[in-house]
Amino acid sequence: MLHDMFTVPFDQIAPVVGKSAAAAKMIASRARRRVQGRTPQPDRDLPRQRRLVDAFLTAARNGEFESLLAILDPEVVLRADAGALLPGGIRVLRGAAAVAGQLEVFRRAANAFASHPVLINGFAGLLNTDGDKTISLIAFTTSNGKITAIDLLSDPARLPRLDTIAHGNQ
């Protein structure tokens, strides 16, 4: 708003928001798209969603950074809620590089637990279990052939209360 309404240069806005001038410009660009309604609509094609989730799981299991990066939208958002297990509450990562940078965490989890395809609010997701115990639930949002959001819930206090619909091979 400072830039668009009052023509304040980004190099003067940057210190106010605690970011670089380039980051301030990116924030303004994202905000404009949201205000103008250009946020991509989630993909409703369940088989296409499932292919992306499967590709995510394969890349995670095999530790394939480039493969993971290729299916993530440049502005992907990862929200991880581990409840009391994660000090500070929900952890949020933004950007493909930051999310793909968690590949080692994804790899360990993908190889340690059984992953089951599920529907979460009508979208493709994964339910990760260790025997009969639910470890995590991951909801994916996809758009234009990329993963745009990942919502990971591993809060042991909330997991038992969730109602998911598991599907064997979607």
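Residue-environment remark: CG (N121) stays at or below the threshold of 12 foreign heavy atoms within 6.0 Å.
Using a 4.5 Å cut-off on side-chain heavy atoms (C-beta onward), V77 and V92 make contact. Contact check for V99 versus F106: side-chain heavy atoms found under the 4.5 Å cut-off. Within the 4.5 Å cutoff, the side chain of F56 has heavy atoms near those of the I147 side chain. Using a 4.5 Å cut-off on side-chain heavy atoms (C-beta onward), Q102 and R91 make contact. The shortest distance between side-chain heavy atoms of Q49 and F123 falls below 4.5 Å. For the pair P74/V76, no side-chain contact is recorded, criterion being any heavy-atom separation below 4.5 Å from C-beta on.
Each of D155, T129, N128 was scored for a side chain to side chain donor-acceptor pair (under 3.5 Å) with S136, with one residue passing: N128. The residue from L52, D73, T141 that alone fulfils the side chain to side chain contact (heavy atoms under 4.5 Å, CB included) condition with K146 is D73.
One N or O on the side chain of D45 and one on the backbone of R48 form a donor-acceptor pair closer than 3.5 Å.
With values rounded to the nearest 0.5 angstrom, L126 atom CG is found 5.5 Å from L57 atom CG. Here T58 contributes atom OG1 and E64 contributes atom CD; the two are 7.5 Å apart, rounded to the nearest 0.5 Å. Note that CZ of R79 and CG of D151 are 4.0 Å apart. Values are rounded to the nearest 0.5 Å.
Between A82 and P156, the shortest heavy-atom distance links the atoms O-CD, 4.1 Å. Closest of all the heavy-atom pairs between R61 and A110 is NE-O, 3.3 Å. Shortest non-hydrogen contact noted between I120 and G125 is CD1-CA, 3.9 Å. Shown here for A124 and V53, the closest heavy-atom pair between the two residues is CB-CG2, 3.9 Å.
With hydrophobic clusters built from ILVMFWY side chains whose heavy atoms lie under 4.5 angstrom apart, I150 shares a cluster with L103. A continuous path of ILVMFWY side-chain contacts below 4.5 Å connects L152 to L72, so both sit in one hydrophobic cluster. Grouping the Ile, Leu, Val, Met, Phe, Trp and Tyr side chains by contacts below 4.5 angstrom, directly or via other members, places I71 with F65. At a threshold of 4.5 Å between side-chain heavy atoms, the hydrophobic network of Ile, Leu, Val, Met, Phe, Trp and Tyr places L69 and I138 in one connected group.
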